[in-house]
Amino acid sequence: MKNYYEIISIKENIYHIYEPGDVGSTLIVGSEKAMLIDTGFGFEDIRPVVESITNLPLIVVNTHGHIDHNGGNRYFEQVWMHPDDVETYEDYQKIQKPLVAARFEGIRKAAGKGPIWPEDFDRMAWYEADTKEFLWLSDGQCFDLGDKQRVEVILVPGHTVGSVMLFDWKSHILFPGDDLDYSLWMHFNTSAYVYAYKKRLKILENYPIEGILPA
């Protein structure tokens, strides 16, 4: 675990937890609660990493339904996600998981590298694992982490129809998942139409954004 994840301090009480596969989760630590934004592939247990940083009550949120953002849901009792991404989640949970693993194996083998996951990775347990309980996000919903650390949910259908961004009103950092980045993939069956994404993106003009941290 120690050598699998890399913890990057972004700002006071904000940590980016990077894992092989070019994906990161973000931990925001308030004075009363903490929030984990996305849970990664779930090849390795991310929970001990979080607990090495804070022991506060934890809120876990998925920005969208792709497996590289919710594969680690299995390590937590409850996870928040927008209900519009249930179809996306189910597709990856029931169909795409083996394809994702096979793709990684093929790419790594072609590059002369070993598996992306840890040596003790239980592949079948990963295939079979599911989210224990989902709680449903709504646009405009706010989570109070204490000491003015308020995180707001912004629904921006784009990368997927249920993609959400999260804005921290204390640090003024926007956490968009995969919905705002140098490259934006919107060719999936469960992606939103470009015009809908563009229209909804305009709402970000209402927020005092000082930094953007994609997954």
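Quantities reported herein were computed from a predicted structural model and do not represent experimental measurements. Sequence positions, counted from 1, serve as the residue numbers for this chain.
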Shared hydrophobic cluster, F104 / I46 (ILVMFWY, side-chain heavy atoms < 4.5 Å): yes
Polar side-chain atom of T131 near backbone of E133 as donor-acceptor pair, under 3.5 Å: no
Ring centers of F188, H159 separated by less than 6.0 Å: yes
Transitive ILVMFWY side-chain link V60 to F41, under 4.5 Å: yes
For T190, the option from D85, T88, T160 that meets side chain to side chain donor-acceptor pair (under 3.5 Å): T88
Lys/Arg N to Asp/Glu carboxylate O, R200 vs D139, below 4.0 Å: yes
Side-chain (T26) to main-chain (H16) donor-acceptor, under 3.5 angstrom: no
4.5 Å side-chain heavy-atom contact, M35 and L145: yes
Check: I10 and L213 side chains under 4.5 Å, non-hydrogen atoms: yes
M186 reachable from L201 in the ILVMFWY side-chain graph, under 4.5 Å edges: yes
Under 3.5 Å donor-acceptor, E44 side chain and G72 backbone: no
Minimum heavy-atom distance E32-P57, with the two atoms named: O-CD, 3.4 Å
Whether over 12 other heavy atoms sit under 6.0 Å from E87 CD: no
Flag side-chain contact, heavy atom, 4.5 Å: I14 against I173: yes
Side-chain donor-acceptor contact under 3.5 Å, S31 with D147: no
Criterion side-chain contact (heavy atoms from CB on, under 4.5 Å) on L36 and S25, from CA distance to verdict: CA-CA 7 Å; L36 179 64; S25 306; 4.0 Å; yes
Donor-acceptor contact below 3.5 Å, side chain W185 vs main chain D178: no
Hphob cluster co-occupancy, M124 + I116, side-chain heavy atoms under 4.5 angstrom: yes
V29 with I7, same ILVMFWY side-chain cluster at under 4.5 Å: yes
Reported CG-to-CH2 distance for the pair D122 and W117, which is rounded to 0.5 angstrom: 12.0 Å
Lys/Arg-Asp/Glu bridge criterion (N-O < 4.0 Å) met for R74, D45: no
H69 backbone acceptor or donor facing N62 side chain under 3.5 Å: yes
Test of ring centre spacing under 6.0 Å for Y207 and W169: yes
K33 atom NZ, neighbour heavy-atom count above 12 within 6.0 Å: no
Side chain proximity check, I28 to N13, heavy atoms < 4.5 angstrom: no
Considering all heavy atoms, the nearest G30-L56 contact: O-CD1, 3.1 Å
Least distance between heavy atoms, P115 atom then R108 atom: O-NH2, 3.6 Å
Any donor-acceptor N/O pair, D144 side chain to G146 backbone, under 3.5 Å: yes
Evaluation steps, side-chain contact (heavy atoms from CB on, under 4.5 Å), between V86 and W136: CA-CA 10 Å; V86 170; W136 304 120; 3.5 Å; yes
Donor-acceptor under 3.5 Å (H66 side chain, D68 main chain): no
Value rounded to 0.5 Å, distance of CD in E77 from NZ in K132: 4.0 Å
I154/L204 under side-chain contact (heavy atoms from CB on, under 4.5 Å): CA gap, chis, key distance, verdict: CA-CA 9 Å; I154 309 170; L204 296 182; 4.1 Å; yes
Contact check, side chains of K97 and I67, non-hydrogen atoms, under 4.5 Å: yes
Distance (rounded to the nearest 0.5 Å) between M165 CE and I209 CD1: 8.0 Å
Backbone of A125 reached by a side-chain donor or acceptor of E128 within 3.5 Å: no
Y193 (side chain) donor-acceptor with G158 (main chain) under 3.5 angstrom: no
Ring-ring centroid check W80 F134, cutoff 6.0 Å: no
The single option from Y127, F121, Y4 passing ring pair (Phe, Tyr, Trp, His ring centres under 6.0 Å) against F43: F121
Working for side-chain contact (heavy atoms from CB on, under 4.5 Å), residues E6 and I8: CA-CA 6 Å; E6 179 184 2; I8 304 167; 4.0 Å; yes
Side chains of P157 and D84 in contact at under 4.5 Å (non-hydrogen atoms): no
Distance-only side-chain donor-acceptor flag, Y197 / S191, under 3.5 Å: no
Centroid-centroid distance, F167 to F175, less than 6.0 Å: no
Flag side-chain contact, heavy atom, 4.5 Å: N70 against D38: no
Electrostatic pair R123:E105 at N-O distance under 4.0 angstrom: yes
T63 side chain near L166 side chain, heavy-atom distance below 4.5 Å: yes
Atom NZ of K109 with >12 non-hydrogen neighbours under 6.0 angstrom: no
Reported CD-to-CD distance for the pair E90 and Q93, which is rounded to 0.5 angstrom: 7.0 Å
Within 6.0 Å of CG in N206, more than 12 heavy atoms from elsewhere: yes
Spatial distance of atom CE (M81) from atom OG (S163) [nearest 0.5 Å]: 10.5 Å
